[in-house]
*Asks:* 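Got a structure here, written out as structure tokens. Questions coming.
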Amino acid sequence: MRWTQTFIPTLKETPADAEIVSHKLMLRAGLVRKLTGGLYTFLPLGLRVLRKVEQIVREEMDRAGAIEVFMPALQPPEIWQQSGRYVTAREVLYKVKDRANKEWLLGPTHEEVITTLVAGEISSYRQLPRNFYQIQTKFRDEIRPRFGLMRAKEFIMKDAYSFDITDAAAQVSYQKMYDAYTRIFARCGLRTLPVEADTGVIGGKFSHEFMVPAETGENEVVYCESGSYAANLEKATSRGPLEPTPTHSTGPAPEKFPTPGVLTIEALSAPPYGVAAPAQIKTLVLMVKRSEEAESEPVLVLLRGDDQLNEAKFAGALGTNVFRPATPEEVFAVLGAHPGSLGAVAATLKTPDLRVLADGALRGAAGMTTGANEDGFHLRHVDLDRDVRVTDWADLRTVRAGERGPVNGQPLKLRRAIEVGHVFKLGTKYSEALHALYLDEVGHQHPCVMGCYGIGITRTVQAIIEQCNDRDGIVWPLTTAPFAVCLTPLNVAPDHPAFGLAQTWHDELTARGVEVLLDDRDERPGVKFKDADLIGFPLRVNLGEKSLARGEVELKPRREGLRAVKVEQALSAILEWLDTESRRLAEGVCQPGNSALHDRSAAG
RNA sequence: CGGAGCGUAGCUCAGCUUGGUAGAGCGCCAGCUUUGGGAGCUGGAUGUCGCAGGUUCAAAUCCUGUCGCUCCGACCA
């Protein structure tokens with residue numbers, strides 16, 4: 001390909017609406033252009049990268065035995081009503097109407113469609129297992145699209161759905177996808193960290209997210225250096241807070257004492273009270289909706305004073321994710337006091353059958369201090385077991401860095417990350433709702449056990465840029481670069497030897513299957529060098545008069561120094577470099593332990 | 001949806017406080033010079049100042065409304 005024959009609008013200056021480095025570089029390198037918030041046009045270079053990631057995904061999905069299909073993006077609302085998600089997912093659903101005023105949905109995902117297909121086509125255990133996948137545009141009415149392709153209204157996703165006869169078989173399908181994902185991201189040149197993920201209200205422990213460590217990520221992951229534990233913060237557990245919870249009773253009964261104006265844990269831990277945060281009980285009031293029709297009902301949540309509620313864990317413990325903090329008015333109605341003076345001591349409760357969820361870190365807690373449900377007063381000498389009627393115990397706290405990991409007690413670390421893939425064991429939720437049933441050997445009917453597996457293709461493209469860049473621009477891994485080689489003749493006069501040579505090599509390399517871009521622009525060398533570095537071609541070859549006079553050209557790998565080679569050896573040197581580089585990447589694929597934890601230093 | 005900020009040339013931005021002929025740099029076009037890390041000089045083209053109202057002799061500037069974008073939060077199969 002010749003530079004002047006394609007369209008590569010690079011920018012010297014950063015567009016004002018880009019915030020993170022990958023977004024800036026995508027725009028500056030001419031990979032994409034914004035149509036409007038959350039909607040982007042892929043320009044030729046961006047499209048080439050996109051196709052490369054798609055191809056890697058396709059090859060690994062095929063290798064893992066998945067079957068490619070292509071489903072409609074436009075979907076009938078009926079199947080969403082059948083699965084129940086017409087209501088639960090309503091906030092992300094784009095709805096359109098046809099001329100007969102019938103409503104249609106733009107698919108944010110395809111569980112309903114694939115399950116409907118399987119329901120009609122598969123009826124025997126002999127036809128299972130099956131894993132169908134597609135690469136397709138998804139539509140989600142994101143409340144706040146941001147960071148370019150990271151969170152968009154329309155994006156490309158690879159989604160796969162497995163159907164098995166038993167739970168055990170579904171686990172095998174799950175593991176195949178997990179392994180395929182590990183290979184996919186390694187081949188893309190991404191260092192990812194698979195973490196245990198929240199399974200939400202569906203429950204179960206089979207969900208992993210593939211995370212790209214990056215300060216700009218929207219997720220937080222918890223991990224330990226030994227690699228024995230890694231989880232999304234929403235899911236992460238530990239052996240508990242570092243500071244122990246007091247367990248020695250300090251008095252025979254709770255004692256009320258005045259605390260005028262004290263509304264926070266901090267205020268109560270300061271003089272003159274001096275009650276350490278771990279010796280306080282934090283009381284939260286949440287309004288929970290058990291079903292669409294039900295009224296919100298209050299639930300008390302007890303945490304240690306220095307802990308934060310983990311809402312995902314709370315949702316899991318409750319079996320619903322429809323809840324919100326109570327308003328001060330609701331709080332007063334329930335407890336007779338305002339936030340700052342709340343507590344769960346049974347004797348102070350107006351409603352004895354109020355549901356009380358307590359975090360495990362409070363087990364056996366004694367000599368604690370908490371609100372008295374009377375504005376301006378607290379209670380001390382509170383013993384959990386003696387004074388509080390806890391309905392349910394659960395792990396509800398958010399893990400903090402430094403705590404001991406659940407697996408081998410190693411200290412936990414926290415860092416931000418971008419989610420690029422998610423594997424999830426679904427169970428029978430959709431197969432039951434949409435009747436994807438099979439007959440077993442003895443003629444009994446069962447719902448298929450399902451799994452779903454997503455990769456954000458467009459997000460992966462940007463994640464690669466976020467991880468592989470330097471001061472001068474993008475540093476593409478060879479496997480996902482828009483072109484492997486950029487030939488840069490410094491003179492493009494038709495009869496100039498540099499240009500002639502570049503054209504010959506371009507044709508020669510192209511014939512050998514190498515993806516070459518010939519920079520045939522009549523620009524000064526500085527412009528060409530800057531653009532090539534900005535876009536980040538793995539290898540640049542400079543053909544200039546000075547070195548040609550010595551019978552040489554220059555090989556400039558994007559992340560290595562300049563190297564002069566004799567003209568007659570140049571082609572084989574280029575091919576050899578590409579060969580070495582692709583072997584180097586392939587080795588990375590074979591070592592999935594290529595720890596994503598140790599960032600930057602090993603980056604491009 | 002709550003909070004904050006921004007909409008002026010293709011891009012980055014100044015001008016707005018204190019109303020009075022629409023600006024700079026880059027890019028673009030032409031010419032000359034230059035030619036190994038975003039060249040120099042000369043000349044040129046380019047704007048309903050996001051949109052709609054209002055105030056005023058006069059609005060990019062002040063007021064009201066509205067739309068869009070960005071960030072923080074809430075939300076997020």
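Please read all numbers here as calculations on a predicted model, not as lab measurements. In the text below, chain A, chain B and the rest are named by the order of the sequence lines, each starting its count at 1.
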*Asks:* On RNA chain B, check which nucleotide each of A:Lys12 and A:Gly148 is closest to and give me the residue with the more 5' one.
*Replies:*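 Its nucleotide being nearer the 5' end, the pick is A:Lys12.
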*Asks:* Would you classify A:Arg324 as touching base, sugar-phosphate or nothing, given that sugar-phosphate means primed atoms plus P, OP1 and OP2, and contacts are heavy atoms under 4.0 Å?
*Replies:*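 A:Arg324: no heavy atom of the nucleic acid under 4.0 Å.
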*Asks:* Which part of the nucleic acid does A:Asp533 contact within heavy-atom distance under 4.0 Å: base, sugar-phosphate only, or nothing?
*Replies:*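 Base: the residue A:Asp533, judged by heavy atoms under 4.0 Å, touches a nucleobase.
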*Asks:* Provide the distance between the two C1' atoms, one in B:G65 and one in B:G25, to the nearest whole Å.
*Replies:*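 35 Å, rounded to whole Å.
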*Asks:* Return the orientation label for the A:Phe185 and A:Phe210 ring planes: parallel under 30°, perpendicular over 60°, tilted otherwise.
*Replies:*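 The arrangement is tilted - the two ring planes meet at 30° to 60°.
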*Asks:* Tell me, which pairs form a salt bridge (Lys or Arg N to Asp or Glu O under 4.0 Å) where one or both residues lie in residues 15-34 of chain A, sequence neighbours left out?
*Replies:*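 Pairs touching residues 15-34 of chain A that pass the test: A:Asp17-A:Lys34.
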*Asks:* Is a donor-acceptor pair below 3.5 Å formed from side chain A:Arg540 to base B:G37, judging by atom type as modelled?
*Replies:*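 Under the 3.5 Å cut-off, the side chain and the base do form a donor-acceptor pair.
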*Asks:* P atom, B:G23 versus B:U46: distance in rounded Å?
*Replies:*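 Nearest-Å result for B:G23 against B:U46 at atom P: 13 Å.
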*Asks:* Quickly work out the A:Ile143 CD1 to B:C69 P distance and round it to whole Å.
*Replies:*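 Computing the A:Ile143:CD1 to B:C69:P distance gives 15 Å.
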*Asks:* Does NZ or CZ of A:Lys95 lie under 6.0 Å from the centre of the six-membered ring of A:Tyr86, at an angle within 45° of the ring axis?
*Replies:*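 Here A:Lys95 passes the 6.0 Å and 45° test against A:Tyr86.
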*Asks:* Using a cut-off of 4.0 Å on non-hydrogen atoms, how would the nucleic acid contact of A:Val92 be classed: base, sugar-phosphate, or nothing?
*Replies:*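 Result for A:Val92 = nothing.
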*Asks:* Side chains of A:Glu220 and A:Asn232: any donor to acceptor distance under 3.5 Å?
*Replies:*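 The answer is no; no qualifying pair exists.
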*Asks:* Counting only side-chain N and O atoms of A:Lys34, is one of them less than 4.0 Å from OP1 or OP2 of B:C69?
*Replies:*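 No, no such contact exists.
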*Asks:* Applying a 4.0 Å non-hydrogen cut-off, can you work out what A:Phe147 is touching in the nucleic acid: base, sugar-phosphate, or nothing?
*Replies:*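 Sugar-phosphate only.
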*Asks:* For atom CD of A:Glu68, is the number of surrounding heavy atoms from other residues, nucleotides or ligands below 6.0 Å larger than 12?
*Replies:*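 Counting neighbours around CD of A:Glu68, more than 12 heavy atoms of other residues, nucleotides or ligands fall under 6.0 Å, so yes.
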*Asks:* Measure from the side chain of A:Phe529, starting at C-beta and using heavy atoms only, and say which of B:G73, B:A39, B:G36 lies closest.
*Replies:*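 Looking only at heavy atoms from C-beta outward on A:Phe529, the closest nucleotide is B:G36.
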*Asks:* Is A:Glu154 paired with A:Lys138 through a side-chain N to carboxylate O contact shorter than 4.0 Å?
*Replies:*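 Between A:Glu154 and A:Lys138 there is no salt bridge, as every charged N stays at least 4.0 Å from the carboxylate O atoms.
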*Asks:* Please answer whether the main-chain N or O of A:Trp80 pairs with a side-chain N or O of A:Ser83 as donor and acceptor at a distance below 3.5 Å.
*Replies:*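 Confirmed, A:Ser83 side chain pairs with A:Trp80 backbone.
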*Asks:* Expressed in whole Å, how much space separates the C1' atoms belonging to B:G15 and B:A59?
*Replies:*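 So the two C1' atoms sit 14 Å from each other.
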*Asks:* So, are A:Glu218 and A:Arg416 salt-bridged, with charged N and O less than 4.0 Å apart?
*Replies:*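 Salt bridge absent between A:Glu218 and A:Arg416.
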*Asks:* Which part of the nucleic acid, if any, lies within reach of A:Glu234 when heavy atoms closer than 4.0 Å are counted: base, sugar-phosphate only, or nothing?
*Replies:*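 Since no nucleic acid heavy atom lies under 4.0 Å of A:Glu234, the category is nothing.
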*Asks:* Have a look at A:Glu91 and say if it touches a base, only the backbone sugar-phosphate, or nothing, with a 4.0 Å heavy-atom cut-off.
*Replies:*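 Answer is sugar-phosphate: A:Glu91 comes under 4.0 Å of backbone atoms only.
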*Asks:* Between the base of B:C76 and the side chain of A:Arg144, is there a donor and acceptor pair under 3.5 angstrom?
*Replies:*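 Answer is no: no donor-acceptor pair is held.
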*Asks:* Using the P atom on both, measure B:U17 against B:C28 and round to a whole Å.
*Replies:*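 The same atom, P, in both gives a distance of 36 Å.
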*Asks:* Under 4.0 Å, counting only non-hydrogen atoms across every strand here, what does A:Gly544 touch: a base, just sugar-phosphate, or nothing?
*Replies:*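 Contact class for A:Gly544: base.
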*Asks:* Given that both distances must come in under 3.5 Å, which nucleotide forms a Watson-Crick or G-U wobble pair with B:G25?
*Replies:*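 Paired with B:G25, as far as the under-3.5 Å criterion goes, is B:C11.
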*Asks:* Look at the side chain of A:Ser547 and the base of B:G36, then say whether one donor and one acceptor between them are separated by less than 3.5 Å.
*Replies:*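 Present.
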*Asks:* What is the ring orientation for A:Tyr174 with A:His208, classed by angle as parallel under 30°, tilted 30 to 60°, or perpendicular over 60°?
*Replies:*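 A:Tyr174 vs A:His208 ring planes: tilted.
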*Asks:* Using the C1' atom on both, measure B:U42 against B:U48 and round to a whole Å.
*Replies:*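 Going atom to atom, C1' in each nucleotide, I get 32 Å.
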*Asks:* Would you tell me if any nitrogen or oxygen in the side chain of A:Thr36 comes within less than 4.0 Å of OP1 or OP2 on B:C69?
*Replies:*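 Looking at the OP1 and OP2 atoms of B:C69, one of them is under 4.0 Å from a side-chain N or O of A:Thr36.
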*Asks:* Roughly how far apart, to the nearest Å, are B:C51 and B:G10 at atom P?
*Replies:*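 Nearest-Å result for B:C51 against B:G10 at atom P: 13 Å.
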*Asks:* Taking B:C16 as the reference, what is the distance to B:C63 when you measure between their P atoms (whole Å, please)?
*Replies:*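 Looking at atom P only, B:C63 and B:C16 are 14 Å apart.
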*Asks:* Quick one: A:Leu309 CG to B:A74 P, roughly how many Å, whole number?
*Replies:*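 Taking atom P of B:A74 as the reference, CG of A:Leu309 is at 13 Å.
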*Asks:* What contact category does A:Arg28 fall into here, base, sugar-phosphate, or nothing, at under 4.0 angstrom with non-hydrogen atoms?
*Replies:*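 A:Arg28: base contact, heavy atoms under 4.0 Å.
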*Asks:* N/O contacts under 3.5 Å, protein versus nucleotides 11-15 of chain B?
*Replies:*
| unit_1 | atom_1 | unit_2 | atom_2 | d |
| --- | --- | --- | --- | --- |
| B:U12 | OP1 | A:Ala16 | N | 2.6 |
| B:U12 | O2' | A:Glu13 | OE2 | 3.4 |

*Asks:* So, under a plain 3.5 Å distance rule, would you say the side chain of A:Arg524 forms a donor-acceptor pair with the base of B:U34?
*Replies:*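 By the distance-only test, yes, there is a pair.
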